[in-house]
Amino acid sequence: MNFPLWDKRKTSSLNGVWQFKFSESGDFDNDDIARIIYDDIINVPGAFDASPAYNGKRGIGFYRTTFTVESGYAAKLLFGAVGMYCKVFVDGAKVGENYAAYTPFECKIPPSVDAQRELVVMVCNRFDYERNPLQEPYFDFYAYGGIFRDVELQQLPDGALIEWVGVHAIDYKTGELCVIINSKSGVQTLTTAFDGGTEQLFPNCEFKDGRYTLNLKLKNFQPWSPEHPELHTLTVANGTDAMTVRFGVRQVATQKGKIVLNGKPVKLLGYCRHEGHLQFGPALPLAQLIGDLQMLRDLGCNFVRGAHYQQDPRFLSLCDELGFLMFEETLSWQAQPNNFADPKFVAAQLKQAEAMIYSSYNNPCVIIHGFLNEGRSELEEARECYMALIKLFRELDPHRLITYASCSEYNDKFLEHIDIVSFNIYPGWYAHDRNDERPLGEIVPKINVLLKGMIEHGLDDKPFLLSEIGAGAIYGWRDPVCAHWSEEYQQEYLRIVCQEVVDNDAIAGVAIWHFCDIRTYRGAYALNRPRCINDKGTVDEFRRPKLAYNTVKTIFGGYKHK
Ligand code: ADA
């Protein structure tokens, strides 16, 4: 079941078949949606440009459906994710817009005398930096268009709404919790209940600036951990509205170069994972989300880095249930000085980061928050943006570790401000020595140079994470000379990486690049991406295991069924 639940709102899913019109030349500024003639149907959620009829097309997809809300009631539409950007219209009037492809957003719908309402979403997948500074054509993953994730309708009760509830553990041993509730300012009476049990009453709760904080104590629990992913629910009600969230009691910290979960060091063994599939784009069916985690579990992983954007909330929910640890990050790829100098870019980064913090606040699986993958963090021009993001994460969610995946090594200017030093490195793949026919010997020395650097730069109290490392292999390409792109080369490569990570105490973890093959550039940027696919998956785009699969599994230890 997906959380949160709003027990007093009439909710319904708007997923399903919608009317559709695709326009290659459509004008995103033209709000006259009454003129649209819908000549097709499409699935929601889904990426229209991953569907056979509109594969690879860029333009505007007009989506139309109807819904009902009792006459006189206000409502809310909750969109899980719409890429690349969109405008939302109800009964012909604009009720919202969104310019961050993987970020959830909501639109408030005013009451009407008519129960039947019309919903149109204008979805554009054209690169347009002015509107959408978060996605650019040079990114190494395909930018899809469509309503990617669930759409939910909520009919709202009259009165003060409970907008958000966040729970975090003050003490994972005693079960002391801090509960933050966002609602209307003023005095309210609240009730709370753990796991659907006895209610506790809290009269005279004074909400200031729309927020009230309660300290509660959960009894009879065990801390959440990969070995024991125990989850609980908390229902907060105010007479008018009620919200149920699911959480786990756990604490994450760093200590002497280790990541520490509930007081014990944990080594992170896992993969970076784009949410992608050739047939579905980023809108994966539940069976695929579960299938991906079954494979990761089978490999012996306990860790996923969600690259390079917020992953499906259903995926996070499954990670909570199965006990995976997550590095969650916002959408960005190799941001440049022109981006950092642009207030529009910085504002968009902060906005999506804030939305990510609120939406996954209660997922115990998320232990690390990240941002700006491979931004130019070696440049002074990047400082303002990095520092603003670090400040935001520290203020809104001080209970998680923060990092960013850097490719600047020790030229990086901001490592001292984050909790984990995370480096993306590709020794032996984008090899230093291009004459070497088998540059696998570069891998371990490179890791050791970086580890030495941690001491030299006074960073050795921080954990060291290999946030990316990997090699490409084309599925089925076997080669007796074990050349680049062969399954054999990737197998050898990952054997060395995984063994080093497991054996070397100074490495806090690895997120191998990458779990599955994924679609990327179509233009000439793809000249080192055979098939226009990033082939560094340990499984291919249809999740068929390559040779390296069993090697990683043997070293990581595989999964032992309980
Ligand atoms: C980078 C980047 C990834 C991917 C990878 C690669 O480190 O962060 O998104 O592009 O390189 O495959 O080369």
Side-chain angles (χ1 to χ4, degrees), residues 101-102 134-144 270-276 281-282 303-311 327-336 339 349 368 370-378 382 386 403-409 411-412 420-432 434 439 442-443 446-447 450 464-475 484-487 489-490 493-494 497 509-541 546 548:
Y102 294 92
L134 296 176
Q135 271 172 302
E136 299 202 55
Y138 65 84
F139 289 12
D140 188 8
F141 49 98
Y142 196 81
Y144 286 98
Y271 277 88
C272 295
R273 174 181 179 273
H274 269 290
E275 207 130 68
F303 177 51
V304 181
R305 173 176 172 225
H308 299 302
Y309 40 77
Q310 247 184 288
Q311 312 253 306
F327 171 155
E328 188 185 37
E329 73 187 10
T330 44
L331 174 60
S332 189
W333 201 82
Q334 295 188 357
Q336 301 296 317
N339 300 127
Q349 287 295 343
I368 301 171
F371 48 88
L372 294 175
N373 171 63
E374 294 193 345
R376 298 291 302 276
S377 46
E378 81 283 19
Y386 274 81
T403 191
Y404 52 83
S406 169
C407 59
S408 304
E409 301 183 6
N411 293 324
D412 195 301
I420 302 173
V421 173
S422 301
F423 286 145
N424 294 352
I425 55 165
Y426 289 86
W429 178 252
Y430 302 122
H432 181 65
R434 292 205 172 193
E442 290 185 5
I443 301 170
K446 178 71 193 180
I447 294 174
L450 291 176
F464 173 89
L465 177 71
L466 290 168
S467 40
E468 284 183 30
I469 186 163
I474 296 168
Y475 178 81
H484 265 56
W485 299 116
S486 68
E487 287 199 30
Y489 191 81
Q490 186 194 46
Y493 189 101
L494 292 185
V497 169
V510 67
I512 297 171
W513 187 266
H514 179 266
F515 170 61
C516 60
D517 289 350
I518 43 130
R519 190 183 271 296
T520 183
Y521 318 105
R522 289 162 67 194
Y525 276 125
L527 289 178
N528 62 355
R529 296 278 178 270
R531 311 185 300 142
C532 292
I533 286 200
N534 189 321
D535 291 292
K536 296 189 191 74
T538 291
V539 300
D540 79 349
E541 63 277 19
K546 302 180 190 171

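Note that ligands are numbered from 1 as they come in the structure, with each ligand's atoms numbered from 1 the same way.
Ion pairing between a basic and an acidic side chain is recognised when a charged N comes within 4.0 Å of a carboxylate O; D517 and K546 show such pairing.
Between W429 and Y489, the ring planes lie tilted relative to each other; the angle falls in the 30° to 60° range.
Residues satisfying the side-chain contact (heavy atoms from CB on, under 4.5 Å) test with E409, not counting sequence neighbours, are I425, K446, L450. For H514, the ring pair (Phe, Tyr, Trp, His ring centres under 6.0 Å) partners at least two apart in sequence or on another chain are H274. In this structure R522 satisfies the side-chain contact (heavy atoms from CB on, under 4.5 Å) test together with Y142, sequence neighbours excluded.
Using a 4.5 Å heavy-atom cutoff, the side chains of S377 and L372 are not in contact.
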For ligand 1, find each of its N or O atoms that sits under 3.5 Å from a protein N or O atom, and tabulate the pairs with distances to one decimal place.
| residue | atom | partner | partner atom | Å |
| --- | --- | --- | --- | --- |
| ligand 1 | 7 (O) | E374 | OE1 | 3.4 |
| ligand 1 | 7 (O) | E374 | OE2 | 2.4 |
| ligand 1 | 7 (O) | E468 | OE1 | 2.5 |
| ligand 1 | 8 (O) | N373 | ND2 | 2.9 |
| ligand 1 | 8 (O) | E374 | OE2 | 3.4 |
| ligand 1 | 8 (O) | E468 | OE1 | 3.1 |
| ligand 1 | 8 (O) | E468 | OE2 | 2.7 |
| ligand 1 | 9 (O) | H308 | NE2 | 2.6 |
| ligand 1 | 9 (O) | W333 | NE1 | 2.8 |
| ligand 1 | 10 (O) | D140 | OD2 | 2.4 |
| ligand 1 | 12 (O) | W513 | NE1 | 3.2 |
| ligand 1 | 12 (O) | R529 | NH2 | 3.4 |
| ligand 1 | 12 (O) | N534 | ND2 | 2.8 |
| ligand 1 | 12 (O) | K536 | NZ | 2.5 |
| ligand 1 | 13 (O) | Y430 | OH | 2.3 |
| ligand 1 | 13 (O) | R529 | NH2 | 3.1 |
| ligand 1 | 13 (O) | K536 | NZ | 3.3 |

